Trainee: 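To start, I am sharing the structure in question, which I have written as structure tokens.
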Amino acid sequence: MPDGKKKKMDKIVSLCKRRGFIFQSSEIYGGIGGFWDYGPLGVELKRNIKDVWWRDMVTGHDDTSTPVGAATPYEMVGIDASIVMHPQVWKASGHYDLFHDMLVDCRTCKARFRADQIPTSPCSRKPSKHPGEHTDCDLTEPREFNLMFKTFIGALIDPTAEAYLRPETAQGIFVNFKNVLSTARVKLPFGIAQIGKAFRNEITPRNYTFRSREFEQMEIEFFCSPDSSQGWYDYWCARRFTWYTSLGLKSERLRLRDHAASERAHYSCGTADIEYAFPFLAEGEFGELEGVSHRGDFDLRSHMEGKLVRDGDILKVELDEHGRASHAGSGKDLSYFDDATQTKFIPHVIEPSAGVDRAMLAFLCEAYTEDAIPDDKGVPQERVVLKLHPRIAPVKVAVFPLIKKDGMPEIAGEIYRELKLKWNVSYDQKGSIGRRYRRQDESGTPFCITVDHQTLIDGTVTLRDRNTTVQERVNSANLVSLIEERL
RNA sequence: GCGGGCAUAGCUCAGUGGUAGAGCAUCAGCUUCCCAAGCUGAGGGUCGCGGGUUCAAAUCCCGCUGUCCGCUCCA
């Protein structure tokens, strides 16, 4: 990593701690790897990101007209599924096998092999032999690697009570597809949205909150007919990319990248990642914020028939040595009957799956800015400012009395209480006025209001813009409407 | 999982065997000043955790944990 980028990331991490955005989990006990806590400002920022997403994708969606870029109108609803689900959910979905392996490490060549594939794997030192056959080989015993967090249902620790913390929220949507369809008066095409925690035992949690073991997802499963699915895939790629740019990720650091066919999961008909060039990554490298995937009928079919594997061009149920499904599905019919065409089919799925914590980190990195503004003597002074989009800024407005006497605190207090009815507003009368502006700049507060001597005469206050530091004098009676149109 | 670096106040760091420090930040007061670093004062650290060596350990040794970098692995 280049020095300059590392320095920038260090400054962001330091700011996040200093201002109460992000703390390491369980810090007073020495910390715990891969887990993070959000402090007073961090929780506001994170909630805003989730609220804006929910608003833009679900409650604010107009299902009576055709959105730009879409073929037809569509409906959106939400759910909130449990974190612990029936263990068979993960077996049928393929996660159990994918995330659960017996692995063998070679201490000599640092390679790792799946225990069941050693007879067919080449030794890294001598590809003509298999691991363990070369004299230099130094293999560990097969060890169980489980990327899913295991837990137990019921107080009794018993292997038959094993369950898992979900490694993704998506399956909670698929298993509720039938419930939503039969109760929410929706018909295809429609989407189900969900925000919630997910857990993965990452082998190497790294890069601040980017790869955490406990993280939060914002996922949509969009159900449509097979023949319309490609169009909806294109729609969602564009729709989701635009969402990030609309919240401030405007720079060349954001990109939409199509996966090559070889890179895609076996069930995917198309996948694109929305990626951000985080400062902690090497030059030219990008990290995933969201994956938009065309999953065909894989998910619903899996939960009908059982775990699917690819066989040439088709997906078929994986069988065990007795010819039965290796991991059975629910056996329930999850197909859809389309009244208009009088046809029955298993809906295809487009999945825009976003990481809340990763989005938040990208917004913070993008917003972090150092500039210089003149002090009271006209000498440029360095300033640190988080240029967060006003919709996600933790605090929307700060209210100050210029000095804490002559009745200014009382007037500022009235304004504070009035604005607080609508937004998260903070009040500060401590320290010099310049210092108070700087504090708010570091927190990303878009607007500051100052009550000064002239307020006492004509009722006007100054409204200061975070990005430009420009102040304008406005009537305090108009503040609510004025700020409303700028947020 | 392997190898290497790092761990001292909220933040950035100094302190290499002998009484735990600085700057910034925070708090109280003064100043009444529209863009940080004016004045006075205060609080805050079992020096990551555990063990060992020593009369004496932040400092030396061992283990653990966390973190960073590089491999490895990978949704």
Side-chain angles (χ1 to χ4, degrees), chain A residues 1 6-7 9-11 13-20 23-35 39 95 98-99 101 103-114 124 138-140 143 145 147-148 167-168 170 198 200-208 210-211 215 217 259 263-265 268 271 273 280 282 287-288 290-291 293 353 355 358 372-385 400-406 408-409 429-442 448-454 461-462 464-466 468-471 473:
Chain A
M1 181 188 315
K6 179 167 162 43
K7 279 209 183 89
M9 198 59 215
D10 286 348
K11 287 179 183 174
V13 171
S14 169
L15 174 70
C16 284
K17 172 77 184 288
R18 184 156 41 86
R19 286 293 173 201
F23 305 127
Q24 192 185 12
S25 171
S26 314
E27 194 185 77
I28 64 169
Y29 283 101
I32 177 167
F35 298 91
H95 286 85
L98 188 68
F99 280 15
D101 280 318
L103 296 178
V104 171
D105 286 305
C106 177
R107 297 186 187 92
T108 306
C109 55
K110 315 296 183 200
R112 176 171 289 164
F113 308 93
R114 278 178 54 171
S124 336
D138 183 12
L139 300 184
T140 62
R143 286 175 296 183
F145 275 70
L147 267 44
M148 286 198 290
E168 61 170 36
R200 289 183 197 176
N201 260 319
E202 300 290 349
I203 296 170
T204 49
R206 200 164 278 197
N207 288 332
Y208 203 30
F210 184 79
R211 179 163 293 161
F215 56 101
Q217 293 183 302
H259 280 207
E263 194 182 354
R264 294 198 297 254
S268 174
T271 300
D273 283 347
F280 51 76
E288 181 189 345
E290 172 161 351
S293 184
S353 169
R358 289 180 174 188
I373 59 171
D375 64 10
D376 53 354
K377 297 177 191 67
V379 181
Q381 298 289 349
E382 190 180 300
R383 176 177 77 135
V384 172
V385 52
F400 311 142
L402 180 62
I403 55 175
K404 54 185 171 189
K405 63 179 193 183
D406 298 344
M408 291 181 203
Q429 60 176 35
K430 288 181 286 216
S432 74
I433 189 72
R435 189 188 301 269
R436 282 177 270 166
Y437 285 141
R438 296 302 179 84
R439 272 199 283 258
Q440 296 301 326
D441 289 341
E442 277 200 340
C448 292
I449 292 165
T450 301
V451 171
D452 59 13
H453 296 97
Q454 199 172 333
V461 295
T462 61
R464 177 217 189 233
D465 180 88
R466 175 196 64 200
T468 62
T469 77
V470 169
Q471 293 181 80
R473 185 156 283 280

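Below, chains carry the letters A, B, ... as their sequence lines are ordered, and counting in each starts from 1. Given the structure is predicted, the values throughout are model-derived calculations rather than measurements.
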Trainee: Please measure how far the P atom in B:G52 lies from the corresponding atom in B:G70, and state the result in whole Å.
Mentor: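 Rounded to whole Å, the distance is 38 Å.
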
Trainee: So for A:Tyr437 and B:C34, does any side-chain atom that can act as donor or acceptor lie under 3.5 Å from a complementary atom in the base?
Mentor: yes

Trainee: Which part of the nucleic acid, if any, lies within contact of A:Asp273, taking any heavy atom under 4.0 Å across all strands shown: a base, the sugar-phosphate backbone alone, or nothing?
Mentor: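 Base contact.
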
Trainee: Between A:Ile373 and A:Arg438, does a side chain to side chain contact (heavy atoms under 4.5 Å, CB included) hold up when you go through it step by step?
Mentor: CA-CA 11 Å; A:Ile373 59 171; A:Arg438 296 302 179 84; 3.4 Å; yes

Trainee: When rounded to the nearest Å, what value does the distance between P atoms of B:C69 and B:G29 take?
Mentor: 44 Å

Trainee: Between the main-chain N or O of A:Gln454 and the side-chain N or O of A:Asp452, is there a donor-acceptor pair closer than 3.5 Å?
Mentor: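 Yes; judged by distance alone, with no hydrogens or angles, the pair exists.
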
Trainee: Between A:Leu402 (CG) and B:C33 (P), how many Å, whole number?
Mentor: 8 Å

Trainee: For the P atoms, the ones on B:U67 and on B:A28, what distance do you get once it is rounded to whole angstrom?
Mentor: 35 Å

Trainee: Roughly how far apart, to the nearest Å, are B:G50 and B:G41 at atom P?
Mentor: 37 Å

Trainee: Taking the side chain of A:Ser14 as its heavy atoms from C-beta onward, which of B:A36, B:C11, B:U67 lies nearest to it?
Mentor: B:C11

Trainee: Establish whether the base of B:C35 is bridged to the side chain of A:Arg383 by a donor-acceptor pair shorter than 3.5 Å.
Mentor: no

Trainee: For B:A25 and A:Arg439 - does any side-chain N or O of the residue sit under 4.0 Å from the phosphate oxygens OP1/OP2?
Mentor: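 Answer no for this pair, as no side-chain N or O of A:Arg439 is under 4.0 Å from OP1 or OP2.
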
Trainee: Send over the distance from A:Arg466 CZ to B:C34 P, rounded to a whole Å.
Mentor: 24 Å

Trainee: Take atom C1' in B:G15 and the same atom in B:A7, then report the distance between them in whole Å.
Mentor: 15 Å

Trainee: For the pair made of NZ in A:Lys430 and P in B:A42, what is the distance, rounded to whole Å?
Mentor: 20 Å

Trainee: Using atom P of each nucleotide, how far apart are B:U46 and B:A20 to the nearest Å?
Mentor: 13 Å

Trainee: Specify the separation, in whole Å, of atom CD of A:Glu382 and atom C1' of B:A25.
Mentor: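 Between C1' of B:A25 and CD of A:Glu382: 16 Å.
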
Trainee: When rounded to the nearest Å, what value does the distance between P atoms of B:A42 and B:G23 take?
Mentor: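 Their P atoms lie roughly 13 Å apart.
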
Trainee: Is the gap between the ring centers of A:Tyr208 and A:Phe280 under 6.0 Å?
Mentor: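 Distance test on ring centres: not under 6.0 Å, no.
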
Trainee: Can you tell me the pairing partner of B:G17 across any strand shown, Watson-Crick or G-U wobble, with both distances under 3.5 angstrom?
Mentor: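 Its partner: none found.
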
Trainee: Could you give the CD1-to-P distance, from A:Ile373 to B:A36, as a whole number of Å?
Mentor: 6 Å

Trainee: Out of B:C33, B:C11, B:U26, which has the shortest distance to the side chain of A:Arg18?
Mentor: B:C11

Trainee: Once you round it to whole Å, what is the distance between P of B:U46 and OH of A:Tyr29?
Mentor: 14 Å

Trainee: Which nucleotide, in any strand shown, forms a Watson-Crick or G-U wobble pair with B:G70, with both distances under 3.5 Å?
Mentor: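 Because both required distances fall under 3.5 Å, B:G70 counts as paired with B:C2.
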
Trainee: The side chain of A:Lys17 lies closest to which of these nucleotides: B:C71, B:C34, B:C11?
Mentor: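 Looking only at side-chain atoms, A:Lys17 lies closest to B:C11.
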
Trainee: Could you check A:Tyr208 against A:Asp406 and say which one's nearest nucleotide on RNA chain B is further toward the 5' end?
Mentor: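 Closer to the 5' end of RNA chain B: A:Asp406.
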
Trainee: Contact between A:His453 and A:Met408 at the side-chain level, heavy atoms closer than 4.5 Å - yes or no?
Mentor: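 Counting from C-beta outward, A:His453 and A:Met408 do come under 4.5 Å.
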
Trainee: Return the nucleotide paired to B:C60: Watson-Crick means purine N1 to pyrimidine N3 with N6-O4 or O6-N4, wobble means G-U with N1-O2 and O6-N3, both under 3.5 Å.
Mentor: B:G52

Trainee: My understanding is that a pair needs two contacts under 3.5 Å, Watson-Crick or G-U wobble. By that rule, which nucleotide pairs with B:A7?
Mentor: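 WC or wobble partner is B:U65.
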
Trainee: What does B:A42 pair with, Watson-Crick or G-U, if both distances are under 3.5 Å?
Mentor: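 B:A42 is paired with B:U26.
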
Trainee: Given the structure, check if the side chain of A:Arg435 and the base of B:A36 hold any donor-acceptor pair shorter than 3.5 Å.
Mentor: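 Checked by distance alone, the answer is no.
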
Trainee: Both A:Glu27 and A:Pro205 contact RNA chain B. Which one's nearest nucleotide lies toward the 5' end?
Mentor: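 On the 5' side of the pair lies A:Glu27.
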
Trainee: Looking at B:C35, I'd like to know if its phosphate oxygens (OP1 or OP2) sit under 4.0 Å from a side-chain N or O belonging to A:Gln471.
Mentor: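 No, no such contact exists.
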
Trainee: Would you mind telling me which of B:G10, B:C34, B:G70 lies closest to the side-chain atoms of A:Asp452?
Mentor: B:C34

Trainee: Do A:Phe400 and A:Ile433 pass the side chain to side chain contact (heavy atoms under 4.5 Å, CB included) test, and can you show the C-alpha distance, the side-chain angles, and the key distance before you say yes or no?
Mentor: CA-CA 8 Å; A:Phe400 311 142; A:Ile433 189 72; 3.7 Å; yes

Trainee: Supply the atom-to-atom distance A:Leu402 CG to A:Lys405 NZ, rounded to the nearest 0.5 angstrom.
Mentor: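 Spacing of CG (A:Leu402) from NZ (A:Lys405) equals 11.5 Å.
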
Trainee: If we call it a pair only when both distances are under 3.5 Å in a Watson-Crick or G-U wobble match, what pairs with B:C47?
Mentor: none

Trainee: Give the rounded distance in Å between these two atoms: CZ of A:Arg211 and C1' of B:C73.
Mentor: 9 Å

Trainee: When you compare B:U72 with B:C2, how far apart are their C1' atoms, in angstrom units rounded to a whole number?
Mentor: 8 Å

Trainee: Give the nucleotide from the list B:U26, B:C34, B:C35 with an atom nearest to the side chain of A:Arg438.
Mentor: B:C35

Trainee: When the distance from CD1 of A:Ile32 to P of B:C64 is rounded to whole Å, what number comes out?
Mentor: 18 Å

Trainee: Any donor-acceptor pair under 3.5 Å linking the side chain of A:Arg436 with the backbone of A:Gly431?
Mentor: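 Side chain of A:Arg436 to backbone of A:Gly431: a pair is present.
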
Trainee: Among B:C35, B:U26, B:C34, which is the nearest nucleotide to the side chain of A:Arg464?
Mentor: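 Between B:C35, B:U26, B:C34, the one nearest the side chain of A:Arg464 would be B:C35.
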
Trainee: Checking salt bridge (Lys or Arg N to Asp or Glu O under 4.0 Å) against A:Asp441, which of A:Arg464, A:Arg466, A:Arg435, A:Arg19 comes through?
Mentor: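 When A:Arg464, A:Arg466, A:Arg435, A:Arg19 are each tested with A:Asp441, the salt bridge (Lys or Arg N to Asp or Glu O under 4.0 Å) holds only for A:Arg464.
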
